[in-house]
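To keep things clear, I will list the structure first and then write my remarks on it.
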Amino acid sequence: MFDLETLCGWINEKKDIGGIVFLTVVPDNGIKPIVAVCKKGRNPEVWKVAKKLKIGSAVRIDGQYAETQISKKGLEFIPCKIVVVSEMSEEKIPIDFSGKTPFLLDTKLDYRYLTLRLPRERAIFIIRSEILKLAREWFYKNGFIEVHTPKLCGAGAEGGATVFELNYFEKKAYLAQSPQLYKQMLMSGLEKVFEITPYFRAEKFSTTRHLNESWGIDMEVGFIDNEEDIMRLLEDLIVHLVEGLAERCSKELKILNVKLKAPEKPFPRIKYDEVLEILRRRGVEIEWGEDLGDREEKILGEEMTKSGIDFYFITKYPWKVKPFYIMRENYLSRSFDLDCKGLELASGGQREHRINELVNNMLEKGLNPKDFEFYLEAFRYAMPPHGGYGLGVERLMMKLLNLENIREAILFPRDRWRLVP
RNA sequence: GCCCCGGUCGUAUAGUCCGGACGAGUAUACCGGCCUGUCGAGCCGGAGACCCGGGUUCAAAUCCCGGCCGGGGCGCCA
């Protein structure tokens, strides 16, 4: 007897041409569809079931892959038994599984689970999963350990974005806007840590590149010399991710029409002062000491693209636009941003590990050191020089996959208006 | 916080500017029929929508007001 295989999945398309019914079945966590060919002459029972099947239904099919593959759409499969494990009972399906009728982003997000039956949407999240897997592999290979810091925090803003406030018994609590303070505290006990974590930002964003709940790949390393050490580690990770995706996700990338080429190390380091010069040549004048806005980053991105460069660091920012925990160097800071094609993907730098300097920094930023006692305490017990970065997962995906809206890169986005599903 | 824009069959859209044969068109999905290799198949038939409330008018999908829901940009932010 022949060995039978069993497929489980949903029917995306049904083409009934009389004596043959073609069923397009969503493959198990893959993207290449399976085409079940049900011929009346070969198996009348199967044909009869297939003819009555509703698009969208979940089925289990026993059979074999066809010896001669004719279909241009997917892997051809010859069923000998079809069982409907869950019938599509809604008459009106909000999206067209054949992919012929477009849908708006909003519709896609309302019915995310349904759109995940489409190859393009599956590809995006298969790639997301692979990015995180590659990142973990890189960190483990380089001697890091994975940590988890609290997302419910007692301290409010660390400067920068506003935080979500909530009730915590008789106290106020805040959702972590980043693991920054905690991963630094860990530097007084561990040498190399990383965390894959949500960030919560309470800004009323309404753009294609902001989320109120986003995910970051964060790391922190002790005993460093300066921020250059961190940049080297970050560019190495980026190259590892891009090369890994190109190798392992070629099918998914093809569906998204993306060709990945690993950037060359080292990525260019462009000093803040040089950025101002480049902007000036483009007729954009900003005052020294001002932070770079979206417009400025976009223009810089265009200039870099002209030179064939996608990834680049912006270094030597003025200290006044960077947060208190960044190490100061006169009026500059030991910080950097990693940008890709005009979008900031990561920021990092060397942190201030000397408690007196750190307290001074806080005071200069108008923060009260008393509010950060729990954090400062960790700096009293031989805190080594350290640094790290936070890399935005969705932003990285946007740039790698040419996604127009950051919401495409996350299953159930949280934005100014969207809290369900 | 500020400023624009939109809401029409399940989905995606045409129509709105300039009110009248819009009795609301098209595509796809859906229902029924024909077809033994479809590849966004094809052909025949069917069903399916003007966000809500008020106003103007002989006449409102179309104009006005309010509400609800959504989209985008700026600021801020990664």
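Basis for what follows: all heavy atoms, side chains included, without hydrogens, waters or symmetry-related copies. Every chain is numbered from 1, with letters handed out A, B, ... down the list of sequences.
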### Query
Do other residues, nucleotides or ligands put more than 12 heavy atoms under 6.0 Å from A:Lys365 NZ?
yes
Nearest-nucleotide pick for [X], side chain only, options being [options]:
X: A:Leu104; options: B:rU13, B:rU38, B:rU36; result: B:rU13
X: A:Glu13; options: B:rG72, B:rA41, B:rA12; result: B:rA41
X: A:Phe103; options: B:rU36, B:rA12, B:rU38; result: B:rA12

Would you measure the distance from the [atom1] atom in [N] across to the matching atom in [M] and give it in whole Å?
N: B:rU26; M: B:rC17; atom1: P; result: 22 Å
N: B:rG45; M: B:rU28; atom1: P; result: 15 Å
N: B:rC63; M: B:rG15; atom1: C1'; result: 16 Å
N: B:rG48; M: B:rG23; atom1: P; result: 16 Å
N: B:rA60; M: B:rG71; atom1: P; result: 32 Å
N: B:rU16; M: B:rG25; atom1: P; result: 15 Å
N: B:rC5; M: B:rG46; atom1: C1'; result: 38 Å
N: B:rC9; M: B:rA49; atom1: P; result: 9 Å

Mind calculating the distance between [atom1] ([X]) and [atom2] ([N]) to the nearest angstrom?
X: A:Ile406; N: B:rG73; atom1: CD1; atom2: P; answer: 12 Å
X: A:Phe97; N: B:rU11; atom1: CZ; atom2: C1'; answer: 11 Å
X: A:Arg407; N: B:rG70; atom1: CZ; atom2: P; answer: 12 Å
X: A:Gln69; N: B:rC39; atom1: CD; atom2: C1'; answer: 14 Å
X: A:Tyr111; N: B:rG10; atom1: OH; atom2: C1'; answer: 9 Å
X: A:Arg295; N: B:rC76; atom1: CZ; atom2: C1'; answer: 16 Å
X: A:Trp417; N: B:rG6; atom1: CH2; atom2: C1'; answer: 14 Å
X: A:Arg42; N: B:rG37; atom1: CZ; atom2: C1'; answer: 11 Å

Contact class for [X] vs. all strands (heavy atom < 4.0 Å): base, sugar-phosphate, or nothing?
X: A:Thr107; answer: sugar-phosphate
X: A:Gly41; answer: base
X: A:Glu76; answer: base

### Query
Hey, does the Lys NZ or Arg CZ of A:Lys322 hover above the aromatic six-ring of A:Tyr317, less than 6.0 Å from the centre and inside 45° of the axis?
yes
### Task
Report yes or no: is the cationic atom of A:Lys192 (NZ for Lys, CZ for Arg) under 6.0 Å from the centre of the six-membered ring of A:Phe144, at an angle within 45° of the ring normal?
yes
Only pairs with both distances under 3.5 Å count, Watson-Crick or wobble alike; so what is the partner of [N] in this structure?
N: B:rC74; result: B:rG1
N: B:rG45; result: B:rC31
N: B:rC58; result: B:rG20
N: B:rG25; result: B:rU13
N: B:rC69; result: B:rG6

### Message
Can you tell me if A:Arg416 touches the phosphate of B:rC76, counting only side-chain N or O atoms and a distance under 4.0 Å to OP1 or OP2?
### Response
no
### Message
Does B:rG71 have OP1 or OP2 under 4.0 Å away from a side-chain N or O of A:Thr208?
### Response
no
### Task
Mark yes or no for a side-chain to base donor-acceptor pair under 3.5 Å between A:Lys39 and B:rG37, with no hydrogen or angle criteria applied.
yes
### Message
Reading RNA chain B from 5' onward, which residue's closest nucleotide shows up sooner: A:Asn405 or A:Asp291?
### Response
A:Asn405
### Message
Both A:Lys73 and A:Glu297 contact RNA chain B. Taking the nearest nucleotide for each, which residue is further toward the 5' end?
### Response
A:Lys73
### Query
In Å, rounded to the nearest 0.5 Å, how long is the span from NZ of A:Lys259 to NZ of A:Lys254?
9.0 Å
### Summary
Taken to the nearest 0.5 Å, the spacing of A:Glu408 CD from A:Met398 CE works out to 8.5 Å
### Task
Please work out which residues in residues 331-350 of chain A have a non-hydrogen atom less than 4.0 Å from an atom of RNA chain B and list them by number.
A:Glu344
### Query
What are the residues of residues 17-29 of chain A, sorted by number, that bring a heavy atom to within less than 4.0 Å of RNA chain B?
A:Ile17, A:Gly18, A:Gly19, A:Ile20, A:Phe22
### Query
Is a side-chain donor or acceptor of A:Asp415 paired with a backbone partner of A:Trp417 at a separation under 3.5 angstrom?
yes
### Query
Which of parallel (below 30°), tilted (30 to 60°) and perpendicular (above 60°) describes A:Phe374 and A:Tyr182?
tilted
### Task
Sort and list the pairs that fulfil salt bridge (Lys or Arg N to Asp or Glu O under 4.0 Å) and have at least one residue in residues 387-405 of chain A, not counting sequence neighbours.
A:Arg128-A:Glu394
### Task
Kindly determine whether A:Tyr389 and A:Met231 satisfy side chain to side chain contact (heavy atoms under 4.5 Å, CB included), including the steps that lead there.
CA-CA 9 Å; A:Tyr389 61 76; A:Met231 285 190 273; over 6 Å; no
Between [Y] and [X], is there a salt bridge with N-O shorter than 4.0 Å?
X: A:Glu357; Y: A:Arg328; result: no
X: A:Glu195; Y: A:Lys151; result: yes
X: A:Glu13; Y: A:Lys73; result: yes
X: A:Glu121; Y: A:Lys108; result: yes

### Pairing residues for A:Ile145 by the side chain to side chain contact (heavy atoms under 4.5 Å, CB included) criterion, not counting sequence neighbours
A:Val147, A:Leu190, A:Val193
### Task
Can you sort out the partners of A:Lys183 under salt bridge (charged side-chain N to carboxylate O under 4.0 Å, His left out), two or more places apart, ordered by chain and number?
A:Asp218, A:Glu220
Scan nucleotides 29-32 of chain B against the protein and return all N/O pairs shorter than 3.5 Å with their distances rounded to 0.1 Å.
residue: B:rA29; atom: OP1; partner: A:Lys100; partner atom: NZ; Å: 2.7

